[in-house]
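Whatever order the structure lists ligands and atoms in, that order sets their numbers, starting from 1.
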Amino acid sequence: MSAGTRLAGQVAVVTGASAGIGAAVARALAAESARVALAARREDRLQALAAELEGDGAEALAVRTDVARRDEVERLVDAVLERWGRLDVVVANAGIMPVSPVTELRVDDWTRMVDVNVKGVLHTVGAALPPMLEAGRGHLVTIGSLAGRRPFPGGTVYSATKFAVRALVWGLHLELGAVHGIRVTDVQPGFVATELLDTVPDPDLRRAWLENWGERRPLQPEDVARAVIFAVTAPEHVAVNEVLVRPLDQPT
Ligand code: NDP
């Protein structure tokens, strides 16, 4: 771990920290000396990451959390406040992408995406806001998507959830920025090499996506983490509200 200190003294929460982008963001925050709470459903993975961060000299806390459940997200924030007494940065990253053509009417998948990608973010914002409002500062980061700027065939509902996140962050800036000193950022990645494709229910669709991608270079989770660090280490008067990060090789 490189020993940055730009977030020394600060406390961060990362949802979806058991894999992919969330794990990379947690590592990057810890590498800037933040104390980091790790949230997701797979506790064994959270514990392993917490042990890794602590082994590198950071302070970490693993809290099993299903973001679709408001009570669990509130318990997460309570645990963080109890442990460290403050909350500076929240990265609402947890998300799923069980995409399929709308004609297949996988309505259960649609509602699951709303539950995790939209309600999960709302639960996270709702739980994080009280301590931030009290402190008169804080930074809420969402991991939206390029799909929050343009839908793609098969990804209609997923895209709708990410449009919702983008609108939410835009509105949060208007309500929280100047008046309450709280910054918001929606980081919008293009294709990132993670386990997210595993949430696509149709193996043929998964295979077709990867074949179509071919030899092109996707983003790595660390590339997205770098964008998060850029936003949260900007000078206090700077609100980096949106960051669109595509692979150079992604033409769409
Ligand atoms: P991964 O599948 O690798 O990681 C997803 C993370 O979300 C896991 O840690 C998972 O943990 C967590 N998660 C899923 N459901 C829940 C839940 N109900 N409660 C708590 N945590 C949950 O995917 P990525 O890292 O790629 O995805 C992270 C974010 O980035 C998502 O919001 C995704 O939409 C977004 N994104 C990804 C892109 C990509 O190409 N990969 C592109 C653009 C955006 P667990 O299963 O342990 O709960």
Check: For atom 19 (N) of ligand 1, what is the nearest protein heavy atom, given as residue, atom name and distance?
Finding: Val67 N, 2.9 Å
Item checked: Close N or O approach (Arg41, ligand 1; < 3.5 Å) -> yes
Check: Looking at atom 34 (O) of ligand 1, what's its closest protein heavy atom, distance included?
Finding: Tyr158 OH, 2.6 Å
Check: What's the shortest distance from atom 29 (C) of ligand 1 to any protein heavy atom, and which residue and atom give it?
Finding: Asn93 O, 3.0 Å
Checklist line | Contact check: Ile96 vs ligand 1, nitrogen or oxygen atoms, below 3.5 angstrom | finding: no
Note to self: Surrounding CD of Glu54 (heavy atoms of other residues, nucleotides or ligands, distance under 6.0 Å), is the total greater than 12?
What the structure shows: yes
Check: Is the closest basic N to carboxylate O distance between Asp109 and Arg112 below 4.0 Å?
Finding: yes
Next item on the list: Determine, using heavy atoms of Thr65 and all atoms of ligand 1, whether some pair is separated by less than 4.0 Å.
Entry: yes
Next item on the list: Measure the distance from atom 44 (C) of ligand 1 to every protein heavy atom, then report the residue, atom name and distance (to 0.1 Å) of the closest one.
Entry: Gly144 O, 3.1 Å
Next item on the list: Return the orientation label for the Trp209 and Phe152 ring planes: parallel under 30°, perpendicular over 60°, tilted otherwise.
Entry: tilted
Next item on the list: Just jot down the ligand 1 atoms closer than 4.0 angstrom to any heavy atom of Gly20, in number order.
Entry: 3 (O), 25 (O)
Next item on the list: Working to the nearest 0.5 Å, report the span between CG of Leu87 and CD of Glu134.
Entry: 11.5 Å
Next item on the list: Just go through Arg112, Arg42, Glu72 and tell me whose heavy atom is the nearest to atom 47 (O) of ligand 1.
Entry: Arg42
Check: Hey, which atoms in ligand 1 end up nearer than 4.0 Å to a heavy atom of Asp66?
Finding: 17 (C), 18 (N), 19 (N)
Item checked: Thr194 side chain to Leu196 backbone, donor-acceptor under 3.5 Å -> yes
Check: Salt bridge or not for Glu74 and Arg70, using N-O below 4.0 Å?
Finding: yes
Note to self: Looking at non-hydrogen atoms alone, which of Gly16, Gly22, Pro247, Gly190 comes nearest to atom 7 (O) of ligand 1?
What the structure shows: Gly16
Notebook entry, point to check: Does some non-hydrogen atom of Pro218 fall short of 4.0 Å from ligand 1?
Noted result: no
Checklist line | Element-labelled atoms of ligand 1 that are located less than 4.0 Å from some non-hydrogen atom of Glu195 | finding: 2 (O), 3 (O)
Next item on the list: Please determine which of Val240, Val228, Asp88, Thr185 meets the side chain to side chain contact (heavy atoms under 4.5 Å, CB included) test together with His139.
Entry: Thr185
Next item on the list: State whether the shortest distance between N or O atoms of Thr199 and N or O atoms of ligand 1 falls below 3.5 angstrom.
Entry: no
Checklist line | Option whose closest heavy atom lies nearest to atom 43 (C) of ligand 1, chosen from Pro189, Gly148, Ala68 | finding: Pro189
Notebook entry, point to check: Quick one: does Ala39 get within less than 4.0 Å of ligand 1, heavy atoms only?
Noted result: no
Item checked: Test of proximity, Ala40 against ligand 1: N or O pairs below 3.5 Å -> no
Notebook entry, point to check: Where is the nearest protein heavy atom to atom 1 (P) of ligand 1: which residue, which atom, and how far?
Noted result: Leu196 N, 3.9 Å
Notebook entry, point to check: Can you list the atoms of ligand 1 that are under 4.0 Å from a heavy atom of Gly95?
Noted result: 5 (C), 7 (O), 14 (C), 31 (C), 32 (O)
Notebook entry, point to check: Salt-bridged, Arg75 to Asp78, with N to O below 4.0 Å?
Noted result: no
Next item on the list: Answer yes or no: is there an ion pair linking Arg27 with Glu52, defined by an N-O contact shorter than 4.0 Å?
Entry: yes
Note to self: Out of all atoms in ligand 1, which are within 4.0 Å of some heavy atom of Val116? Include the element for each.
What the structure shows: 15 (N), 18 (N)
Next item on the list: Could you check atom 4 (O) of ligand 1 against the protein and tell me its nearest heavy-atom contact, residue, atom and distance included?
Entry: Ala19 CB, 3.9 Å
Check: Considering only the protein, which heavy-atom contact is closest to atom 26 (O) of ligand 1, and what is its distance?
Finding: Thr194 OG1, 2.6 Å
Item checked: Close-contact set for ligand 1 against Ser18 heavy atoms, below 4.0 Å -> 8 (C), 9 (O), 10 (C), 11 (O), 45 (P), 47 (O)
Next item on the list: For Phe191, take its heavy atoms, then give the atoms of ligand 1 lying under 4.0 Å from any of them.
Entry: 40 (O)
Note to self: Check Arg69 with Asp71, please: is the shortest side-chain N to carboxylate O separation under 4.0 Å?
What the structure shows: yes
Notebook entry, point to check: What is the minimum heavy-atom distance between Arg42 and Ser18, and which atoms define it?
Noted result: NH2-OG, 3.6 Å
Check: Looking only at N/O atoms, are Val192 and ligand 1 under 3.5 Å apart anywhere?
Finding: yes
Notebook entry, point to check: Applying a strict 4.0 Å limit to heavy atoms, is Lys162 in contact with ligand 1?
Noted result: yes
Checklist line | Matching residue for Val91 among Ile143, Val13, Thr15, Ile21 - test: side chain to side chain contact (heavy atoms under 4.5 Å, CB included) | finding: Ile143
Next item on the list: Check whether more than 12 heavy atoms from other residues, nucleotides or ligands sit under 6.0 Å from atom CZ of Arg217, and answer yes or no.
Entry: no
Next item on the list: Pick, from Ala17, Ala94, Gly120, the option with the minimum heavy-atom distance to atom 13 (N) of ligand 1.
Entry: Ala94
